[in-house]
There are 2 protein chains.
Amino acid sequence: MTVERAPEQDLPYDVFSKACPSRGTLEHVTGRWGALTLGALHEGSLRFNELRRRVDGVSEKMLSQTLHALERDGLVLREAQPTNPPRVDYELTPLGHEVAERLLALIRHLEGRMDDVLAARERYDEIRGGR
Amino acid sequence: MTVERAPEQDLPYDVFSKACPSRGTLEHVTGRWGALTLGALHEGSLRFNELRRRVDGVSEKMLSQTLHALERDGLVLREAQPTNPPRVDYELTPLGHEVAERLLALIRHLEGRMDDVLAARERYDEIRGGR
DNA sequence: CCGTATCCGAGATGATACTG
DNA sequence: CAGTATCATCTCGGATACGG
């Protein structure tokens, strides 16, 4: 199949270029933990340890690191309350929600088609797997 | 903001679970090179070296590896013609196109909002950067 | 509760050379 | 052209310990 190539728009940011900063942000968003963190926060604000439980398997270190990167990119808002014990809530910014929606559309679609993916893998492994 | 949590559907695949195979596929799709490869192929079929030029910065090895993973997941079709010199075309399967569309929606949205992201970074670094 | 600091191994990545 | 093989490197990520 050949899809009509969209007329070249000269967008200022092109993720296909090595040097474009959008590539870095895409990696934060789609990275192993970034995607799951955004997905979790799209449902509502969560505290650090709630988030950790929701994103099954993430370590404290990686969650902390992921949150910092997303906060720096303006996708996540960190709200610390000066209480004791400390309470910190994380939530998405409006931009974060826009991004998370598109990410979740991808994730849900993939989840819905996993049977096909798994079937494709079996076929592939049957033919090439023995090698 | 708190969004109403969607009623728990018991989907068979939940990417938030550590053990779910959908998480692995999500990583193939959104990985550093997987996302760009799918994005490039959504416009039409490409040969190996065409792809390599389009996905700026990818090495032969990583492109090869990425293509194998996507082919195995049933997202990419590899068509080799037994000519000399060899000619191999890569294209997306229907499922691959579905996934790529959602991925491109994310990418384009991000590209369109990079000014906001960059501005957020400057604000963040001004406050916390010195530390 | 909410993190940061440090160490260390595994896997990702890149450069180069080589094959059909 | 279309890859594979090998090796060096380097970052990611987990475990642990510690601090506010």
Side-chain angles (χ1 to χ4, degrees), chain A residues 18-19 23-37 40-41 45-72 76-91 124 127-131, chain B residues 16 18-19 23-37 40-41 45-73 76-91 124 127-131:
Chain A
K18 185 159 56 175
R23 189 181 281 190
T25 300
L26 179 65
E27 280 163 26
H28 295 159
V29 168
T30 62
R32 185 167 181 191
W33 303 119
L36 299 176
T37 301
L41 287 176
S45 79
L46 290 172
R47 302 174 61 175
F48 188 83
N49 280 324
E50 290 173 335
L51 208 41
R52 232 193 117 190
R53 281 186 293 275
R54 177 95 176 100
V55 181
D56 188 20
V58 70
S59 66
E60 290 187 354
K61 177 183 158 182
M62 292 316 299
L63 181 55
S64 173
Q65 204 171 102
T66 300
L67 285 168
H68 280 311
L70 295 177
E71 188 191 356
R72 189 167 104 99
V76 162
L77 212 62
R78 180 180 186 277
E79 289 187 283
Q81 292 167 41
T83 60
N84 191 311
R87 178 191 177 96
V88 182
D89 289 274
Y90 292 93
E91 62 181 313
Y124 183 96
I127 297 170
R128 308 214 152 187
R131 208 162 39 91
Chain B
F16 289 100
K18 183 160 55 174
R23 191 182 280 191
T25 300
L26 180 65
E27 278 163 28
H28 295 159
V29 168
T30 61
R32 185 167 181 191
W33 303 120
L36 299 176
T37 301
L41 286 176
S45 80
L46 288 173
R47 302 174 62 175
F48 188 83
N49 280 323
E50 289 174 336
L51 208 40
R52 230 192 120 191
R53 281 187 292 276
R54 177 95 177 102
V55 180
D56 189 19
V58 70
S59 66
E60 291 185 355
K61 178 180 159 185
M62 292 316 298
L63 181 56
S64 173
Q65 203 171 105
T66 300
L67 285 168
H68 281 311
L70 295 177
E71 187 191 356
R72 189 167 105 98
D73 283 349
V76 161
L77 212 61
R78 179 180 186 277
E79 288 187 285
Q81 292 168 39
T83 60
N84 190 312
R87 178 189 176 97
V88 181
D89 289 273
Y90 291 94
E91 62 181 313
Y124 184 94
I127 297 170
R128 308 214 150 187
R131 206 165 40 90

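Here is how names work: the chains are called A, B, and so on, in the same order as the sequence lines, proteins then strands, and each is numbered from 1.
Whole-Å rounding puts the Gln65(A) CD to dT11(D) P distance at 12 Å. One interatomic measurement links the two molecules: CG of Leu46(A) to P of dC1(C), which rounds to 15 Å at whole-angstrom precision. Across the protein-nucleic acid pair, Glu71(B) atom CD and dA2(D) atom P stand 15 Å apart, rounded to whole Å. Whole-Å rounding puts the Asn84(A) CG to dG3(C) P distance at 14 Å. Rounding to whole angstrom units, CG of residue Leu63(A) and C1' of dC1(C) are separated by 14 Å. dC1(C) atom C1' lies 14 Å from atom CG of Leu51(A), rounded to whole Å. Rounded to whole Å, the distance from CD on Glu79(B) to C1' on dG3(D) is 18 Å. Residue Met62(B) contributes atom CE, which lies 14 Å from atom C1' of dT4(D) at whole-angstrom precision.
Taking every side-chain heavy atom of Lys61(A) into account, dG13(D) is the closest of dT6(D), dG13(D), dC2(C). The side chain of His68(B) sits closest to dT4(D) out of dT4(C), dA2(D), dT4(D). If you check dG14(C), dG13(D), dG3(D) against the side chain of Glu60(B), the one that comes closest is dG3(D). Here the nucleotide nearest the side chain of Pro86(B), chosen from dG20(C), dG3(D), dC1(C), is dG20(C). Residue Phe48(A) has its side chain nearest to dC2(C) when only dG3(D), dC2(C), dT13(C) are considered. Comparing dG3(C), dG20(C), dG3(D) by their closest approach to the side chain of Ser64(A) singles out dG3(C).
Contact between the side-chain N/O atoms of Arg52(B) and the OP1/OP2 oxygens of dG14(C) is not found at any separation under 4.0 Å. OP1 or OP2 of dG3(C) has at least one side-chain nitrogen or oxygen of Arg78(A) nearer than 4.0 Å. Between Arg47(B) and dA2(D) there is a side-chain polar atom (N or O) within less than 4.0 angstrom of OP1 or OP2. Proximity of Tyr90(A) to the phosphate of dG3(C): a side-chain N or O atom is located under 4.0 Å from OP1 or OP2. Regarding contacts with the backbone of dC2(C), a side-chain N or O of Asn49(A) is found under 4.0 angstrom from either OP1 or OP2.
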Q: Take Val58(B) and Leu36(B) through the test side chain to side chain contact (heavy atoms under 4.5 Å, CB included) and record every step on the way to the result.
A: CA-CA 10 Å; Val58(B) 70; Leu36(B) 299 176; over 6 Å; no
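Formation of a donor-acceptor pair under 3.5 Å by the Thr37(B) side chain with backbone atoms of Trp33(B) is found in this model. Side chain of Ser64(A) to backbone of Glu60(A): no donor-acceptor contact under 3.5 angstrom is found.
In this structure, the separation between CD on Glu50(B) and OG on Ser45(B) is 7.5 Å, given to the nearest 0.5 Å.
Closest approach of Tyr90(A) and Leu41(A) over heavy atoms only: O-CD2, 3.4 Å.
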